[in-house]
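FYI, side chains are in, hydrogens and waters are out, and symmetry mates aren't considered; it's all heavy atoms of this structure. Naming: A, B, ... by sequence-line order, numbering from 1 per chain.
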Amino acid sequence: SSEAAVQNAPDPIALTEEAAGHYCQMVILEHDGPKAQMYLAGMQNPLWFSQVRDGLAYIKSPEQSAEILVMYVNDMGKAKSWSEPGDMNWIRADEAYYVVGSDAKGGMGAPELAPFSSKEKALEFAALRGGEVKLLDEISAQAVLAPVDEEGSDQ
Amino acid sequence: MTSILSIARLELLIARRNLWVATAILLMALFNVVLTIAGNAPTGDLGASPMIIAITSITTLSVYLVPLIGLLLSFDAIAGEAERGTLTLGLSYPLSRAEILLGKFIAHMVVLGAAIAIGLGLTTAIIASRHGVGAIEWGPLSALYFTSLALGATFLGLGYTISSLVKQTGAASGVAIGLWLIAVVLYDLGLLGALVADAGGTFSKTIFPYALVANPADAFRLLNMPDQSVNMLASGLGAASSVTGFYGQLTSLLLWPVVALLFALLAFRKVEP
Amino acid sequence: MTSILSIARLELLIARRNLWVATAILLMALFNVVLTIAGNAPTGDLGASPMIIAITSITTLSVYLVPLIGLLLSFDAIAGEAERGTLTLGLSYPLSRAEILLGKFIAHMVVLGAAIAIGLGLTTAIIASRHGVGAIEWGPLSALYFTSLALGATFLGLGYTISSLVKQTGAASGVAIGLWLIAVVLYDLGLLGALVADAGGTFSKTIFPYALVANPADAFRLLNMPDQSVNMLASGLGAASSVTGFYGQLTSLLLWPVVALLFALLAFRKVEP
Amino acid sequence: REWQIAPEGEALAIALQNAEAGDIIRLAPGTYKGPIEIDKSIVLDGQSHAHVIGNEQGSVVTILAKDVTVRGLKITGSGSDGETKDAGITISKTADRALVEHNELIGNLVGIDIHGTKNALVQKNKIEGRLDHRMNARGNGVYVWNATGSKVIGNDIRYGRDGIFVNTSKKNVFEGNRMRDLRFAIHYMHANNSVVRGNTSLANHLGYAIMYSDNVVIENNLSRGDRDHGIMLNYTNKSTIIGNRVEEGGEKCVFIYNAHKNQFNQNLFAQCQIGIHFTAGSERNTFAQNSFISNRTQVKYVGSKWVDWSVEGKGNFWSDHSAFDLDGNGIADAAYRPNDIMDHVLWTQPAAKSLLGSPAVQLIRWSQSAFPALLPGGVVDKAPLMQPVLPNLKEWEER
Amino acid sequence: MPALKIEHVIKRHGTLETVSDVSLNVEPGERVALLGHNGAGKTTIIKMVLGLMPITAGSIDVLGHAPGTAAARKQTGYLPESVAFHGALTGREQLHHFARLKSTSLKAADDLLERVGLAHAADRRIRTYSKGMRQRIGLAQVVLGQPKLAILDEPTSGLDPVSRHEFYDIVEELANNGSAVMLSSHALTELELRTDRIAILSKGQLVANDSLQKLRDLASLPIKFKVTASNDTIEGVNQQLGGKRVNCQSLELMCAPDQKIGVLSAITALGPVVKDVDVTPASLEELYRHFSNVEEQTK
Amino acid sequence: MPALKIEHVIKRHGTLETVSDVSLNVEPGERVALLGHNGAGKTTIIKMVLGLMPITAGSIDVLGHAPGTAAARKQTGYLPESVAFHGALTGREQLHHFARLKSTSLKAADDLLERVGLAHAADRRIRTYSKGMRQRIGLAQVVLGQPKLAILDEPTSGLDPVSRHEFYDIVEELANNGSAVMLSSHALTELELRTDRIAILSKGQLVANDSLQKLRDLASLPIKFKVTASNDTIEGVNQQLGGKRVNCQSLELMCAPDQKIGVLSAITALGPVVKDVDVTPASLEELYRHFSNVEEQTK
Ligand SMILES: Nc1ncnc2c1ncn2[C@@H]1O[C@H](COP(=O)(O)OP(=O)(O)OP(=O)(O)O)[C@@H](O)[C@H]1O
Ligand SMILES: Nc1ncnc2c1ncn2[C@@H]1O[C@H](COP(=O)(O)OP(=O)(O)OP(=O)(O)O)[C@@H](O)[C@H]1O
Ligand SMILES: [Cu+2]
Ligand SMILES: [Mg+2]
Ligand SMILES: [Mg+2]
């Protein structure tokens, strides 16, 4: 995105009780894991995503309902724990390091990409939980768009 | 003034004898009636009034038909006289070239105006007979009428320009059809292509809104389309939206006839009979 | 024969100076290239060769463009001469009217033939450069070429007919555009309407297939889209082709130019300069 | 033994304490003080005129024993703590085979909480949630958590958050319920191998929200006037959606996000802005004999692959497909492509909306029907039906 | 056998009869001029002869063929009254084309271009030609291929005096080579020496059809003398010669053609008193008027 | 002040110079004829005067205004060399239109239709008019509104002899009312009595510009006598008069204009031997050729 977009980008806001996931329509405050918020041109309030994966899926999907101004994700390096990702530790999605392919599950149970502002913390996480560290542009669309079908996941 | 009117009178006479008037009226009437009746089939979902539905389809149609009729009425205006040899004498008369153009313009506007009026009149009559007089919405109807006139006037002007520049009827008709293609289809196609290629970059935000409204056919369409999705767009365009909104569209549509006639005058001034 | 060729030569000269040749070639080339390039993009299980895809698109395009170019080349042929006053002398020369028509026809066919050939040549070149020379299928390509010529010839003939009947360039151009609309758009629309109204009755089974093939534009389309899978994707009227079959379509397409030229001759015979 | 209890003093509490397994406690008309706990396999029958009022703390009726029946009570006055899931009736982990029927649960945070129970049967209750609080702070009509073999049948649920919220449960049946004025009518999370059949969802935000679940059968349900989506599949696989009727919806009749190998058969999707919106990662779903009628956009699918929406020569019915069937086999002679290149442009370039209705757009639209070469990938129905196969549903019957 | 035989031809446009029972022959080698007021029907007759217009009644025979047949047109050259060419062509291209149509050599066309004085402009577009230059192209194309019958509708209109003479030279050459020439014209003077016969049309009817001399004799119009003397002698001259005083120095006399020499002698007999004498025979125009009026009066 | 003042006007088309340094005035009430071979540049000059064509160099003043200005056009009447009208209109409609443009009464237009002899065809489409009839519409429109300057490019082309006279009557009327008239023509004879001054163009240059009489004097071309005697006497006549034998009955003599009477007396002195004498002064055509050739030779 261009310089103008950077300057005009709205600031992130704290997660609220009303925040409902863009895809699942559920209250996302109740759920574990990092979240994402996204501002679209011409819209006052951000779109919320119950998982970072879904936010990235929105970005990487060919559909667009409006221009994306900015997306923020929780910096899991500053989160209290996986289940308490934090209120105001938002970082720009295009500046984050993501751990892709770890065993971490998002708030709803799908495989999750863990975002960090610091590359070191990301590497640390990857060492612990598996996966590799990638920048936004390096994440393939397939990684967030491919169907999730975990045969053995149900009891 | 009498001179201009006399020219207009004569042109009308010729247009009538050449069956242009009948053709234009028939075309507009036919398509309007078909669209109005087709649009009134009970689909019943969108919740739009029958009048608005009719106006939407007629707008879509008019984008094609009004420029076409305008160009067909005008492409022969200068070239035809030059070929027939009547121009030499005409230009020696105590009328300025502007007056000659104006006379022809008035005549052709009368033809166009009559054709559009009859077409819309039939639409109104059909709707009134099916849904009662209450279903008629005079606002959008008259907006459509007057913007159609402006659109027609633009293409009359451009037609005269072509006719003056080319000076041969055969060639003029070709160029006119080319212009029609460009203005009505290819221009927007280009914009669309640019949008896709640009993928939300600066073109989409800064140039596109102006480029869109700069085309009189687009300005006309946007002005007459009540579709909300179109107006909603303005919000996404930021600063450009105010310029390209209703007033921008109206300005474009009102400016174009003037500009086109000025072009025509400049081109006509260069014609040596 | 020399006379006919001399007329053809002269008409070609005039067509070249009037930029008709350039316009026709440019139009065909532009659209063909766009379609060929665009048609080579999609992936997936369409199961057709790039050549067939391109030919299918170009066929559909040609249904519109070839008649249009044909009519634009021809509408002025008689009316223009009548208006310019060159017809009187021309008709006193020791050529029959058939020969005069034939001369013009040859010239216009050369223009049309060149335009189509260049368009198809570009298509072939693009495909060869992308998929190798092996991807070129000469059979469908030459079929498309010659049927395009037949389609063009038909509308040249009809254009001469109009030009002879109307005798005024301005009016002739209007009638020509009307004919184009009817043949290319409204006729099929009417058939569709009849099909809907008839709802599978006798019309659909007995008259419709013949009515469809009776339109040279439809016959042309059916002839060039024989591939059932592509046809399924392309047009809703495909199934009717099975009734009249290849020979029916071919007969229609080969008969039409002859009939159109006969019409033209009859009309031209009636012209008093 | 049968107990006849009048609404006086601590009679109910005493009866509950003294009853033995197999006893029947019948309550005379009148109000009874809650909360109560049932820890024996008894039948508590309010005979439709007994009203148990909780103290706004915790659940009003808690079933702890197996094989308990709670019938004919009016229950109000639960607590409001979402964490502890304060409910009108809580069927706890130990209360296998509970039968809860013909009760009227009004204004409780959660109506009935099936909490880790096996084989509970909840039927023909009338549940009205709260209208205070914000939607998200309200409770669900029936909350099914970690339960197996539950049957929720014929309940009439209104107000509150979700009508039936199923979480981490399996092999349940949800049948013939009516849900109105809710967020989701039925909300599935991590609930496999269940059946959702014959329910009615009216004017909710979302009708049937199936998430993170496999092998769900969604059959013969009705969604009418649901604001966002009629049916939503979110990370849901291998499910069967058959014979449902989604109509007069708001945004989308069906929304599919990252769901695959699902089967859609003989459903009706009518009068929505979008018939089916098909997004990322949704593959190998099959669609046959569905009817798409008068949706503004029948299908929204952005993808460069061709997806055939017909199964063994039978496709779907599309109300906007103007095709013919000259050979009379019931299958249209031309394929149907719900989306064209223009749709793709509009979905990817929102600014292009201003060109809607322009000749250029019409040209492109027309080209897609005329020039197969210009088609982007997308949904193709190679065997569209000429006649719709409409699902036959029983309308909800008022008791 | 005449090259052109027009017999009892009638042409009607609706109820309007524009040619009424006209019969006229043109023999090979003969030059016939068709005269008549505007709208008399000259062009109409010509178009019928060429088969460009159907004949309402009567018959026309062109070199033994029906008008408009290929055989007739093959041997006919025609110049329309308002000749026009496609402006985008050059004169040479246009004439070469005509040469090909008439199966004549291109060399002949080039020679003709030279002959009608267009060699210098032959490769310019006809669009830039002056009116007379276009007319010359028209003339050149008639002569191409030595037609057996040449039909020229107002061939000299727009031509300058010198070209006119050259044109009639060409016509004479044609006739000498055995072609029949029918031309319509309003320029009477030039016809005097350059045509063999004159046919006068009036309101669609043929009112005269003979050689100039015969017509003169038929009409026997008076000859006019203009005698100029000095101021003081004119009175006497007038008394002696009679006639009408025009001004103080001259008078006008008329006499029948056969008295011409007698009158002349009488004038010169007056000696040096007479300063000048002009003798004007009845002009072709008077003859034309005479015949046109005869028709008027008989109506 | 002249109504039309052309000063050192040059016109070039690319490298082709079609009008070279022409200066010419026309006074109010004066009738000037513009002569010249085809392509001499007459029409070019006229178009420049009307402002229909830009002037390459020099200046033109029309009634005190620049050519082509509204003021100039307001007082100018013009007849193009190939006048044309829209065939779908009737003569009356067309002339009424012109009358409106010139702010003249429709009655005047109707009267003019009568005067040019088109009253009977006034309500027919111009498409059906004969060439001369169209030319008459053209003439009528020039005269409409009594222009101060009338520019007529070959006005009599296509007109029959009678209409030609009527046309010159109209021109005379115009001039008498103070209009300046400039007309181009190739019909020399008719100019003789009907114009005040003759300007001859050759290859874009003005080679003569004076009254006919003055031009005659300037050129002093010989007078021609044709003497006819009987077969047997011609020999003697020839010996006595000199000259050239034309055939066995007549001979031709030439003399300077001032010897005319002398030669005539000599002829008549021969008495009855002489059967006929024709006296032809140098025709306008010879005069025209003379001046055109003078130019040729000086080149
Ligand atoms: N547009 C032009 N380009 C080049 N030459 C031109 C153009 N217009 C006229 N001429 C040339 O200018 C010359 C003068 O033409 P003009 O029409 O004035 O002749 P004219 O004296 O009127 O002849 P005519 O008696 O035949 O009417 C001609 O040689 C003509 O070919
Ligand atoms: N199509 C027509 N319909 C009606 N009248 C016609 C038609 N064509 C010609 N006329 C009339 O026929 C008459 C003869 O016309 P024609 O052209 O033969 O005259 P012309 O002798 O050639 O005259 P000119 O000397 O003016 O060329 C005219 O009165 C004319 O108006
Ligand atoms: Cu959920
Ligand atoms: Mg004539
Ligand atoms: Mg000229």
Side-chain angles (χ1 to χ4, degrees), chain E residues 13 16 18 35-44 81-82 84 117-118 120-121 124 128-136 153-154 156-165 186-189 260-261 264-269 271-272 274-281 283-285 288-289 292, chain F residues 13 16 18 35-44 81-82 84 117-118 121 124 128-136 153-154 156-165 186-189 257 260-261 264-269 271-272 274-281 283-285 288-289 292:
Chain E
H13 291 102
L16 193 72
T18 53
L35 302 190
H37 61 85
N38 293 135
K42 304 178 292 296
T43 300
T44 308
E81 63 184 345
S82 309
L118 283 179
H120 68 284
R124 271 195 352 224
T128 70
Y129 282 16
S130 79
K131 187 184 175 189
M133 290 161 82
R134 280 172 215 189
Q135 187 72 12
R136 289 169 188 211
D153 204 353
E154 303 193 27
T156 56
S157 91
L159 285 192
D160 65 45
V162 179
S163 331
R164 252 166 230 239
H165 276 279
H186 296 300
L188 300 176
T189 31
K260 183 174 173 188
I261 290 300
L264 252 187
S265 332
I267 293 167
T268 49
V274 176
K275 281 230 178 104
D276 195 2
V277 184
D278 280 327
V279 187
T280 338
S283 71
L284 205 55
E285 191 181 320
Y288 167 78
R289 276 180 194 268
S292 291
Chain F
H13 291 101
L16 193 73
T18 53
L35 302 190
H37 61 85
N38 294 135
K42 303 177 294 295
T43 301
T44 307
E81 62 185 345
S82 310
L118 282 179
R124 269 197 351 225
T128 71
Y129 282 15
S130 79
K131 187 183 175 191
M133 290 161 84
R134 282 173 214 189
Q135 188 70 10
R136 290 171 188 208
D153 203 354
E154 302 193 27
T156 57
S157 92
L159 285 193
D160 66 45
V162 180
S163 332
R164 251 166 230 241
H165 277 279
H186 296 299
L188 300 175
T189 29
K260 185 175 177 186
I261 289 301
L264 253 186
S265 339
I267 292 169
T268 49
V274 175
K275 282 225 176 102
D276 195 3
V277 182
D278 280 327
V279 186
T280 340
S283 70
L284 203 56
E285 192 182 320
Y288 166 78
R289 273 177 195 268
S292 290

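- In this structure, chain E has heavy atoms under 4.5 Å from both the backbone and the side chain of F/Leu159.
- With a 4.5 angstrom heavy-atom cutoff, E/His13 does not touch chain F via any of its atoms.
- Of all the listed residues (F/Asp153, F/Ile267, F/Leu16, F/Thr44), the one sharing the greatest number of non-hydrogen pairs under 4.5 Å with chain E is F/Leu16.
- Of the atoms belonging to F/Arg134, not a single heavy atom falls under 4.5 Å from chain E.
- Here the options are F/Ser163, F/Ser157, F/Pro161, the test is side-chain contact (heavy atoms from CB on, under 4.5 Å), and the partner is E/His186; only F/Pro161 passes.
- Side-chain contact between F/Tyr129 and E/Asn38: absent, with no pair of heavy atoms (C-beta onward) separated by less than 4.5 Å.
- Looking only at heavy-atom pairs under 4.5 Å with chain F, the residue among E/Ala187, E/Gly158, E/Ser265 that has the most is E/Gly158.
- For the residue pair E/Gly39 and F/Ser130, the shortest heavy atom distance occurs at N-OG, 3.3 Å.
- For the pair E/Glu81 and F/Lys131, the tightest heavy-atom approach, listed with the atom from each and the gap, is O-NZ, 3.1 Å.
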